[in-house]
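A quick write-up on the structure given underneath.
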Number of protein chains: 2
Amino acid sequence: MKKLRLRCEIGEPEEEALRAALIGPIDFPAETVVVRRGERLNSSILLLDGLLARYKDLSDGQRQITHIHVPGDFADLHGYTLGYLDHNVMTLTPCRLARAPHVRVLELTNRFPSLTRAFWFSTNLDASIHREWEVSLGRRNAIERAAHLLCELQSRLLVVGAAEGNSFRLPITQNQFAECLGLTGVHVNRVLRELREAGLADFRGGKVTVHDRGALEGLAEFDALYLYLDKPAN
Amino acid sequence: MKKLRLRCEIGEPEEEALRAALIGPIDFPAETVVVRRGERLNSSILLLDGLLARYKDLSDGQRQITHIHVPGDFADLHGYTLGYLDHNVMTLTPCRLARAPHVRVLELTNRFPSLTRAFWFSTNLDASIHREWEVSLGRRNAIERAAHLLCELQSRLLVVGAAEGNSFRLPITQNQFAECLGLTGVHVNRVLRELREAGLADFRGGKVTVHDRGALEGLAEFDALYLYLDKPAN
DNA sequence: CGTGGAATTGACTTACATCAATTTGGGTGG
DNA sequence: CCACCCAAATTGATGTAAGTCAATTCCACG
């Protein structure tokens with residue numbers, strides 16, 4: 001188990017104890033449902049490598065992805081207090097996961113109150129990202145939404161060392177990207193071409209290259225405050 | 001301080017201690033900003049009466065409301081771990097609030113670990129509601145969004161005893177309702193007329209009457225699972 | 001090479017936005 | 001008690017961003 005990157009700064013002993021509490025790693029192929037809506041949970045998933053999506057399906061076959069997880073994220077830690085999830089979780093790419101049994105999470109938090117704080121912070125950060133997505137879905141147009149999500153993903157991947165320079169791997173389909181943005185794949189395709197032709201960003205072949213981050217942020221009205229990057233909670 | 005209705009079941013001593021930790025009540029008129037994005041927080045707000053909104057403004061004057069709080073909600077408990085908020089909080093109606101200083105929240109959670117669990121659950125429930133709003137904003141059409149939000153508000157208000165029978169007070173403007181739904185006030189007006197003429201629900205004069213809850217839920221594809229009503233976390 | 005999923009493009013449709021008047025209704029002062 | 005006032009609600013006419021449908025074209029992989 002090489003990587004273990006929590007978004008929150010925690011002490012050495014805490015990290016050691018957390019690492020010891022984990023089961024795995026376990027590998028999953030792409031497009032695999034790893035947590036099903038409504039099923040009782042007794043462990044939570046730490047994403048070590050790959051991309052995970054939380055999503056909900058509608059009866060007519062439409063799907064809304066409500067969150068994308070990057071390596072280092074606890075994907076369903078909220079399930080620890082909720083007992084079950086209101087949504088599904090699936091792999092977007094091949095993923096390497098570790099499981100944290102809830103009984104061990106309980107032990108950990110009893111032993112290290114600061115870990116409770118870090119875990120709670122982590123779920124609150126997810127909620128903040130949900131809010132920003134609500135703003136995109138409710139008020140931004142297609143190109144702004146796409147630009148905003150690219151900014152967010154670049155920022156979050158940089159933090160965990162999964163992006164370097166001005167590019168990062170994003171091996172998902174345009175349709176999956178569209179399912180994040182509340183758009184159709186066809187329209188996302190046109191909008192990505194616009195971004196490319198405007199010299200802002202290029203998302204092709206599972207890879208994103210940001211040519212003008214400033215302009216991309218300007219277009220999207222991106223403000224990283226909601227990512228709480230200054231806040232290594234402890 | 002008459003009312004104190006947490007969404008989570010907690011024991012007598014915990015409730016007593018929490019009540020003792022509160023400052024207030026304090027009354028605010030409608031349309032008042034009570035927490036500003038980015039400002040450092042040292043207390044969190046418990047909503048005793050009225051309706052609060054979390055929202056974000058865009059530079060062109062558009063606004064997206066990301067959450068509506070009903071009485072009994074801790075409006076910005078997430079600020080306890082985050083340190084500051086990524087959004088503003090304002091009163092939609094005249095409100096009665098109480099403040100829980102974070103130092104006292106810390107004392108409380110040290111004394112009663114079960115309260116930590118209840119508080120954490122409460123913020124996770126807010127996040128779940130955010131996700132459902134993402135689905136509405138991303139994938140449901142105007143009438144479905146309106147129907148869905150009316151179902152949600154009725155459910156949540158029933159839980160805290162702020163609705164009875166098939167109607168409840170919702171003293172907000174159509175524009176504010178539209179700001180929740182990612183629509184314009186004009187279009188919300190047309191959609192509310194549709195709901196009325198179809199005999200499903202009537203939202204007029206600050207009051208909602210649900211004439212056919214079943215049909216309203218069917219239209220919206222409403223499923224209360226995401227409200228975790230069976231889960232009085234403790 | 002061939003094959004199937006993903007990306008791309010064009011033609012056309014539609015849901016919601018925008019703009020611009022009215023109309024309504026609750027509160028208030030004469 | 002009534003008339004006025006103003007914000008909110010309502011309605012109609014028109015514009016447009018994004019959806020839908022239907023072909024291609026592009027690749028990665030066997």
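Protein chains get the first letters and strands the later ones, always in sequence-line order, with residue 1 at the start of each. Below, each value reflects all heavy atoms present in this structure, side chains not excepted, and no hydrogens, waters or symmetry copies.
For B/H130, the ring-ring contact (aromatic ring centres under 6.0 Å, His included) test picks out B/H67, with sequence neighbours left out. Residues meeting the side chain to side chain contact (heavy atoms under 4.5 Å, CB included) test with A/D223, sequence neighbours left out: A/L225, B/R37. Applying the ring-ring contact (aromatic ring centres under 6.0 Å, His included) rule to A/H78 yields the partners A/H87; only residues at least two apart in sequence or on another chain are considered. In this structure, the salt bridge (charged side-chain N to carboxylate O under 4.0 Å, His left out) partners of A/R193, at least two apart in sequence or on a different chain, are A/E197.
A distance of 6.0 Å or more separates the ring centres of B/F74 and B/Y80.
In summary, the side chains of A/D76 and A/Y84 do not present any donor paired with an acceptor at a separation below 3.5 Å, with no hydrogens or angles considered.
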*Along nucleotides 25-30 of chain D, 5' to 3', which nucleotides get a B, which get an S, and which get a -, given that the test is a protein heavy-atom distance under 4.0 Å?*
------
*Do nucleotides 4-13 of chain D as a string where each nucleotide becomes B, S or -: B if the base has a protein heavy atom under 4.0 Å, S if just the sugar-phosphate does, - if no protein is that close.*
-----SBBBB
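Remark: A/R63 qualifies as a cation-pi partner of A/Y55 under the 6.0 Å distance and 45° angle criteria applied to the six-membered ring.
Legend: salt bridge (charged side-chain N to carboxylate O under 4.0 Å, His left out) pairs involving residues 137-147 of chain B, not counting sequence neighbours, sorted by first then second residue: B/E132-B/R140. Identified under the ring-ring contact (aromatic ring centres under 6.0 Å, His included) test for residues 23-48 of chain B, with sequence neighbours left out: none.
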With a cut-off of 3.5 Å and sequence neighbours excluded, list every side-chain donor-acceptor pair involving residues 158-186 of chain B.
{"residue": "B/N166", "atom": "ND2", "partner": "B/V210", "partner atom": "O", "Å": "3.2"}
{"residue": "B/T173", "atom": "OG1", "partner": "B/N175", "partner atom": "N", "Å": "3.4"}
{"residue": "B/T173", "atom": "OG1", "partner": "B/Q176", "partner atom": "N", "Å": "3.1"}
{"residue": "B/Q174", "atom": "OE1", "partner": "B/N189", "partner atom": "ND2", "Å": "2.9"}
{"residue": "B/Q176", "atom": "OE1", "partner": "B/T173", "partner atom": "N", "Å": "3.0"}
{"residue": "B/Q176", "atom": "NE2", "partner": "B/E31", "partner atom": "OE2", "Å": "2.8"}
{"residue": "B/T184", "atom": "OG1", "partner": "B/H187", "partner atom": "N", "Å": "3.3"}

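Between A/I129 and A/E152 there is a side-chain heavy-atom pair separated by less than 4.5 Å. Considering only heavy atoms from C-beta on, B/L52 stays 4.5 Å or farther from B/I68 through its side chain.
Between A/D73 and A/R156, at least one side-chain nitrogen of the basic residue sits less than 4.0 Å from a carboxylate oxygen of the acidic one, meeting the salt-bridge criterion. The existence of a salt bridge linking A/R54 and A/D126 is confirmed by a sub-4.0 Å separation between a basic side-chain nitrogen and an acidic carboxylate oxygen.
Between the side chain of B/T93 and the backbone N or O of B/G50 there is no donor-acceptor pair closer than 3.5 Å.
One axis for each end of the helix from C/dC1-D/dG30 to C/dG30-D/dC1, each built from five base pairs, and the angle between them comes to 30° at 10° resolution.
Near-neighbour residues of DNA chain D inside residues 132-151 of chain B, defined by a heavy atom below 4.0 Å, are absent.
Contacts between chain A and DNA chain C, taken as any atom within less than 4.0 angstrom of a protein heavy atom, begin and end at C/dA7 to C/dA11.
Within 4.0 Å of A/G182, counting heavy atoms only, lie sugar-phosphate atoms of the nucleic acid but no base atom.
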